[in-house]
> 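This is the structure I want to talk about, given as structure tokens.
Only heavy atoms go into these numbers, but all of them, side chains included; no hydrogens, no water, no symmetry mates. It should be emphasised that the depicted structure is a prediction, and the values quoted were computed from it without experimental measurement. All chains are named by letter (A, B, ...) in the order of the sequence lines, taking the proteins before the strands, and each is independently numbered beginning at 1.
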Amino acid sequence: MPELPEVETVRLTLAPAVGSRVTAIWTSGLPLRLNRPIDIPALTRASRGHTLEGIRRLGKYLLLDFDGRARGTVLVHLGMSGRLRLGPRAAPRADHTHVIWRMGDRELRFSDPRRFGLVSTLERGREREHPSLAKMGPDPLVDTVDGACLHAAARRSRRTLKALLLDQHVIAGIGNIYASEALWQAGIRPLLRAHRLSRPRADRLAQAVREVLDRALGHGGTSLRDFVDADGNAGEHAHYLWVYGRDGEPCPRRGCNGRISRVVHDGRATFFCPRCQHP
DNA sequence: AGACAAACCTGTCTGC
DNA sequence: TGCAGACAGGTTTGTC
């Protein structure tokens with residue numbers, strides 16, 4: 001489900017929880033990503049009895065920073081179907097709820113039907129020692145992801161550009177939807193070999209990545225099915241997608257009379273216009 | 001190195 | 001109406 005704009009939308013809508021103290025924790029006991037159980041003692045140490053001081057995002061990961069001697073951070077990844085919701089304690093519990101942080105008369109709840117998500121803990125200042133974050137690349141909304149940086153990564157890779165964009169070690173936060181969208185905006189074929197990307201086209205692609213993510217964030221993210229923000233609202237960006245999920249439809253680029261194609265690459269649906277996206 | 005498939009799991013949609 | 005199969009925003013692991 002969630003790529004960078006969706007995760008950032010969750011982060012922004014979770015802001016009202018900042019300043020709240022966790023009074024109790026509940027977990028389902030079911031394992032999440034990789035069949036790994038949640039480390040309940042570590043989660044308790046990091047958050048119970050502590051006040052949520054702030055929420056950060058690194059790529060598709062959220063980091064919930066708590067105060068107290070432990071200065072613990074709870075790491076959350078939403079996987080494909082994960083949700084973080086903030087609501088009244090009395091609200092009915094959604095199916096597949098796995099973690100609840102009680103905060104006075106409100107609760108922060110993590111639910112995830114497919115259980116591809118992650119809830120873990122780490123020590124503040126040691127983010128980069130966590131295996132999930134250790135090799136994470138720059139984040140386009142926070143760090144500089146420009147043509148120079150993209151070109152440098154591309155020139156030493158013989159993979160396709162789509163695969164490069166999806167590699168979180170290269171750029172953090174792009175997923176399957178926005179990889180196709182950014183390549184369409186830049187007018188570049190997804191299956192072009194990365195090392196053949198010229199510097200001017202790298203500039204265009206870097207610009208496209210930023211614009212695509214910004215635009216989606218402005219719409220509160222893309223809800224194809226599952227995604228909702230912390231208040232339970234769906235994002236609007238699905239109405240504005242140019243190519244993702246639109247195979248057979250006319251290319252939306254002005255003056256282009258092509259039709260959107262769908263191919264499967266690396267086992268994932270990839271959408272592009274064969275007419276205006278050049279190899 | 002990188003392509004590919006399978007694995008993790010549930011829900012939804014399609015076609016018969 | 002039921003059932004089988006395909007497919008889904010992600011990441012990890014293993015094989016070739």
Side-chain angles (χ1 to χ4, degrees), chain A residues 1-10 28-38 57-62 75-84 94-98 110-120 130-137 153-183 190-196 212-213 215-217 219-229 234-248 262-271:
Chain A
M1 152 191 30
E3 307 180 31
L4 187 154
E6 291 74 37
V7 178
E8 180 66 7
T9 298
V10 172
S28 68
L30 289 173
L32 299 176
R33 178 193 296 179
L34 294 180
N35 211 21
R36 298 221 176 100
I38 293 171
R57 181 188 55 74
L58 287 177
K60 301 175 191 172
Y61 289 84
L62 285 172
L75 183 67
V76 178
H77 191 290
L78 300 175
M80 291 277 259
S81 57
R83 293 177 170 181
L84 270 177
D95 285 346
H96 308 293
T97 298
H98 299 296
F110 173 79
S111 64
D112 186 3
R114 296 181 71 178
R115 287 193 271 130
F116 291 173
L118 174 82
V119 175
S120 180
H130 193 283
S132 295
L133 305 180
K135 292 183 179 170
M136 178 112 59
R155 65 185 306 170
R156 51 175 197 266
S157 170
R158 306 188 79 79
R159 301 141 89 189
T160 64
L161 268 183
K162 168 114 188 289
L164 192 81
L165 290 181
L166 285 177
D167 185 343
Q168 304 298 300
H169 303 338
V170 176
I171 303 177
I174 301 176
N176 204 39
I177 295 179
Y178 301 116
S180 282
E181 294 289 298
L183 285 159
L191 271 54
L192 179 71
R193 296 285 150 180
H195 70 279
R196 303 191 56 193
V212 161
L213 298 177
R215 226 169 62 96
L217 179 58
H219 292 132
T222 300
S223 295
L224 294 181
R225 165 167 300 141
D226 297 321
F227 171 69
V228 293
D229 65 20
E236 294 300 316
H237 191 67
H239 303 301
Y240 301 91
L241 291 173
W242 290 312
V243 294
Y244 186 87
R246 300 203 184 281
D247 47 318
R262 176 188 191 271
V263 296
V264 175
H265 175 245
D266 273 1
R268 322 220 33 207
T270 304
F271 300 88

> Decide, yes or no, whether a salt bridge links A:Arg159 with A:Asp167 under the criterion of side-chain N to carboxylate O below 4.0 Å.
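Looking at A:Arg159 and A:Asp167, the cut-off is met.
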> Go ahead and write out DNA chain B as dot-bracket, 5' to 3': ( ) for pairs within the strand, [ ] for ones crossing earlier pairs, | when the partner sits on another strand, dots for unpaired; Watson-Crick or G-U wobble, both distances under 3.5 Å.
.|||||||.|||||||
> Would one find a side-chain N or O of A:His77 under 4.0 angstrom from OP1 or OP2 of C:dT11?
yes
> Looking only at side-chain N and O atoms, does A:Tyr244 come under 4.0 Å of OP1 or OP2 in C:dG9?
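It does, given that an N or O in the side chain of A:Tyr244 lies less than 4.0 Å from OP1 or OP2 of C:dG9.
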> Taking the side chain from A:Arg33 and the backbone from A:Leu118, do they hold a donor-acceptor pair closer than 3.5 Å?
no
> Looking at A:Arg114, I'd like to know whether one of its side-chain N or O atoms comes within less than 4.0 Å of OP1 or OP2 on C:dG10.
no
> Hey, is the main chain of A:Arg114 close enough, under 3.5 Å, to the side chain of A:Ser81 for a donor-acceptor pair?
yes
> Check the geometry between A:Phe116 and B:dC9 and answer yes if their rings are stacked (centres below 5.5 Å, planes below 30°), otherwise no.
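Stack criterion not met.
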> Under 4.0 Å between a side-chain N/O of A:Lys60 and OP1 or OP2 of C:dG9, yes or no?
no
> Hey, does the side chain of A:Arg158 come within less than 4.0 Å of B:dA3's phosphate (OP1/OP2), counting only N and O?
no
> Rounded to the Å, how far apart are A:Asp112 CG and C:dG10 P?
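Whole-Å distance recorded here is 13 Å.
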> Suppose we call a contact any N or O donor and acceptor under 3.5 Å apart; does that hold for the side chain of A:Arg115 and the base of B:dC9?
no
> Between A:Phe110 and A:His98, how do the two ring planes meet: parallel, tilted or perpendicular, split at 30° and 60°?
tilted
> Quick one: A:His265 NE2 to B:dA5 P, roughly how many Å, whole number?
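Roughly 11 Å, once rounded to whole Å.
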> Does a side-chain N or O of A:His96 approach OP1 or OP2 of B:dG11 to a distance below 4.0 Å, or not?
yes
> Is there a side-chain contact between A:Ser157 and the phosphate of B:dG2, meaning an N or O under 4.0 Å from OP1 or OP2?
yes
> Check whether A:Glu181 reaches the backbone of A:Trp242 with its side chain - one donor and one acceptor, N or O, closer than 3.5 Å.
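Flag set: sc A:Glu181 to bb A:Trp242 pair under 3.5 Å.
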> Looking at B:dG11, I'd like to know if its phosphate oxygens (OP1 or OP2) sit under 4.0 Å from a side-chain N or O belonging to A:Arg225.
no
> Roughly, in whole Å, what's the span from CD in A:Glu6 to P in C:dG10?
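One finds 9 Å between P of C:dG10 and CD of A:Glu6, rounded.
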> Taking only the side-chain nitrogens and oxygens of A:Asn35, find out if one of them lies under 4.0 Å from OP1 or OP2 of B:dC8.
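False: A:Asn35 side-chain N/O out of range (4.0 Å or more) of B:dC8 OP1/OP2.
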> Considering non-hydrogen atoms only, spot the tightest contact between A:Arg83 and A:Asp226 and give its length.
NH2-O, 2.7 Å
> Which nucleotide sits closest to the side chain of A:Arg159: B:dG2, B:dG11, B:dC4?
B:dG2
> Say we look at C:dC3 and B:dC9: how far apart would their P atoms be, to the nearest angstrom?
24 Å
> Do we count A:Phe227 as stacking onto C:dG9 if the rule is ring centres under 5.5 Å and planes under 30°?
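Not stacked: fails the 5.5 Å / 30° test.
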> Could you work out the separation of B:dA7 and C:dG5 based on their P atoms and round it to a whole Å?
16 Å
